[in-house]
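A, B, ... follow the sequence lines: proteins, then strands. Residue 1 opens every chain. In this text, all values refer to a predicted model and were calculated from it rather than measured experimentally.
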Amino acid sequence: MARKTAVKTATPAAPADKGELLAFYSSMLLIRRFEERAGQLYGMGLIGGFCHLYIGQEAIAVGMQAIKRPGDQVITGYRDHGHMLAAGMDSRVVMAELTGRAAGASGGKGGSMHMFNTDVGFYGGHGIVGAQVSLGTGLALANWYRQDGAVAFVYFGDGAANQGQVYESFNMAELWSLPVVYVVENNQYAMGTSIERASSETHLYKRGVSFNIPGEEVDGMDVLAVRDAGLRAAEHARSGKGPIILEMKTYRYRGHSMSDPGKYRTREEIDAVRKTRDPIDHLQERLLADGLADEAALKAIDADVKSIVADAAEFARTTPEPDAAELYTDVYVEAAA
Amino acid sequence: MTDILMPALSPTMEEGTLAKWHVKVGDTVKSGDVIAEIETDKATMEVEAVDEGVIEALLVSEGTEAVKVNVPIARLAGEAGATAAPPPAVSAALPVSGQGDAVEKPIHLPPHGGGGGEADGGGPPADPEIPAGTTFTKTTVRDALRDAMAEEMRRDPSVFLMGEEVAQYHGAYKVSRDLLEEFGARRVVDTPITEHGFAGLGVGAAMAGLKPIVEFMTFNFAMQAIDHIINSAAKTLYMSGGQIRCSIVFRGPNGAAARVAAQHSQDYSSWYGHVPGLKVVAPYDAADAKGLLKAAIRDPNPVVFLEHEMMYGHEFEVPDIADWIVPIGKAKVRRVGTSVTLVAHARMVGYALQAAEELSADGIEAEVIDLRTLRPLDHQTVVASVMKTNRLVTIEEGWGPYGVGAEVAARVVEHAFDYLDAPPTRVCQEDVPLPYAANLEALSLPSVEKIVAAAKAVCYR
């Protein structure tokens, strides 16, 4: 898994301490349970439209978030719930946006694909495939303009990796040495099209080669591998060496969106990943094997996570819809800044 | 004890067939286990358990058709203490979006169906006073635009310019002359030929709090970038519930140049004028070009600023007033008249003024209104004029269908129907891609003669 193109730095991985590992476990579990509940609320008609679940990909958002510094920015596409929770957004606020309520992250006007919280450096939540790559490179342009040492973490999937604007952005990012880490969440399927059927070069970490952008392939199901690669990449970008690509090999267990019957792959394929590569099971085994936690401690985390999610769901179900007067607000910023 | 409900698998699903159970009574299930298969007219989907526990009962048997969404299909006996809060029972009180209380309350809409953020009450902002004794300097539109950018870049370090050839080449049309020398390469950024990408970078930088001016070599090329102008710049404030601002100016020449044929000769006024969240400005003379561009750069919203290549070299008087700002959203009466109202913007204002002079020789005194801003549209000024003249001719370089003239005419009909003595008439580009041949090009575009003819027609002369 340690395939790279022209990697210029190699920072030794920081050893994982017990507190950090337990925090990873709890954070990944929160995303898993939150998404399961979101799927259920969708099934009950409480969440409308599109709803893209992050189940299976938790290690990426959680591992990368661990190395983010204050001032750094995160931007992603529409499979964004996990990133928002990992960034520290309140699960009530995220769930309430899913149900289209006034207390939601966007006041109920954005929905699943469009949430933001710049206090935690989260810039969305974008619905057009690939758009976040140009926008995120623009965040890096602002960091470069201000010389403030911040790095933009720009996430996109294997589907977006074929959009033209991704390469327009790569070109400018390298040309101007912008501080950006491109994180490709390669979950193998762009909606129903496998990467083999859509990409002439399936090793996406190589996609920067013709722009002189180094890339690295990472086991995206291993939160520690993600964190370590993230650390190296962030250091590269922060030190003025320009952009870098991390290809996270991952897998989504659920359909592309809720209304995806998933006939392009077999149940056996999904089960095999779940049984052998699940990021949460993997970390759980490690915690137990290394004696960093016992069953009781993990159960306690489980119970905590469950109550957070139950509370978020109850809140999202009962908190009111936006007032009708909100229809015409936020179209324009009214007063001159 | 928890009921497992028949799930909706898509936004439109109302019922489905319970095709298969993957569990039986007494089985222990945990989150993520597949428990059933459901068939709809579109697809078969697997249902996964969300809670853990033991299946106590299967309430709907395999093969049952037309099972309504949200009907209990199985019952789960929860692990003691495991299900802290059971999923809510679904009842008729379920506030399904669109059926809640909110919709029954009266919705206060702006009076004209939301034609672009017109403030309700107060009317459009007034032009700044020009004090007596003010001197004026003859300035080309090109230099007025340059001066506006330079002044705003001096005033606010977060303002910067990016685009093709804007720095070392000084702009394809020399609008950014000497800016690189004064402000340096970080604030005057030459981009590769990559409109989609650099428009996206500009919007991202604006989301991060900078105030970019994105120059398109012409607005024809901005079609490559229109996704970011509309989906990213115009809509994100709304979709973020007011959190993400995007203070950015997209500027460059728009409309027909000369003999460059259809792909390089198009007027995008109505394209951008259609979109809530954008402001759209199209000045005619140098004073407005300068004052409106300064206002656009300071505006906290995304502004599409449509210039005209054929006007860059024209000289006009610009007042020697420090910080000359013309407010966005206010039309200007360029010529006072009583017989007919001619409404135009950008280069067509000059045509309308010329037509008015010719008409005057025939005893028809036309009032000429320069819209200056297309969104928000100052229809009040137009309506007031039509109430006086009782006749309306609109002039634009764009195609007629769904155009600026169509919108102006609609507003006039809404607000001054009883005042009209003739049907509103549009002078626009003929409904064809702009031809190359000189004679066909001239036939295709609005002309002074066409305006004169239209004005005479509505005056029944």
Side-chain angles (χ1 to χ4, degrees), chain A residues 33 36-37 39-40 42-46 48-49 73 100 105-107 109-110 114 116 118 123-124 126 128 131 134-139 141-142 145 164-165 168-169 171-172 175 253 258-259 261 267 274 303 306-307 310-311 314 317 321-325 327-333 336-337, chain B residues 5 7-11 31-32 43-45 50 69-70 84-85 87-88 90 94-97 100 102-103 105 107-108 110 114 117 160 186 191-192 194 196-198 200-205 207-210 227-228 231-232 237-245 247 276-277 298-301:
Chain A
R33 296 288 172 258
E36 287 167 352
R37 184 68 70 178
Q40 186 191 38
Y42 189 93
M44 294 164 70
L46 284 161
Q73 305 111 327
S106 296
K109 289 172 166 179
H114 313 98
F116 308 81
T118 53
Y123 282 78
H126 295 270
I128 303 296
S134 305
L135 296 172
T137 308
L139 298 174
L141 179 78
Y145 187 88
Q165 64 178 313
E168 299 187 24
S169 301
N171 185 41
M172 286 181 276
L175 205 53
Y253 298 171
M258 290 303 298
S259 45
R267 173 47 66 175
R274 276 191 128 132
K306 265 196 174 150
S307 72
D311 167 73
E314 181 61 16
R317 197 178 65 83
E321 289 186 314
D323 193 273
L327 181 60
Y328 270 92
T329 60
D330 305 323
V331 181
Y332 293 94
V333 178
Chain B
L5 307 178
L9 303 174
S10 74
S31 295
T44 303
M45 307 253 300
V50 174
V69 164
N70 281 332
V90 178
L94 188 71
V96 172
S97 183
V103 177
K105 290 182 205 155
I107 299 174
H108 177 67
F160 71 102
R186 196 174 293 270
T191 66
T194 177
H196 192 185
F198 74 69
L201 262 67
V203 175
M207 288 175 174
L210 298 182
D227 174 59
H228 279 301
N231 274 318
S232 303
L237 181 74
Y238 195 81
M239 300 191 92
S240 66
Q243 288 177 77
I244 303 286
R245 292 184 174 200
S247 177
R298 289 189 200 183
D299 200 285
N301 298 287

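- Residues satisfying the salt bridge (Lys or Arg N to Asp or Glu O under 4.0 Å) criterion with R186(B), sequence neighbours excluded, are absent altogether.
- Of all the listed residues (N171(A), T118(A), L139(A)), the one sharing the greatest number of non-hydrogen pairs under 4.5 Å with chain B is L139(A).
- Among all heavy-atom pairs drawn from M172(A) and T194(B), the shortest one is CE-CG2, 3.8 Å.
- With respect to chain A, the highest number of heavy-atom pairs below 4.5 Å among P192(B), G209(B), G277(B), G202(B) belongs to G277(B).
- In terms of non-hydrogen atom pairs under 4.5 Å with chain B, the most contact-rich of H126(A), E36(A), R33(A) is E36(A).
- The shortest distance between side-chain heavy atoms of L135(A) and H228(B) falls below 4.5 Å.
- Of the two parts of V69(B), only the side chain, counted from C-beta on, holds a non-hydrogen atom closer than 4.5 Å to a non-hydrogen atom of chain A.
- Side chain of S106(A) to backbone of M239(B): a donor-acceptor contact under 3.5 angstrom is found.
- Annotation: side-chain contact (heavy atoms from CB on, under 4.5 Å) contacts of D227(B) (sequence neighbours excluded): I128(A), A131(A), H196(B), N231(B).
- Ranked by heavy-atom pairs shorter than 4.5 Å toward chain A, the options A205(B), P7(B), G197(B), S240(B) are led by S240(B).
- We find the OH-CG distance between Y238(B) and L327(A) to be 4.5 Å, quoted to the nearest 0.5 Å.
- The choice from S169(A), G49(A), G136(A), A325(A) that makes the most heavy-atom pairs within less than 4.5 Å of chain B is G49(A).
- The structure places CE of M207(B) at 10.0 Å from OH of Y123(A), a figure rounded to the nearest 0.5 Å.
- Of the listed residues T191(B), V203(B), L237(B), the one with more heavy-atom pairs under 4.5 angstrom with chain A than any other is L237(B).
- S31(B) touches chain A through backbone and side chain together, each having a heavy atom under 4.5 Å away.
- Remark: the backbone N or O of P276(B) is not paired with any side-chain donor or acceptor of Y332(A) at under 3.5 angstrom.
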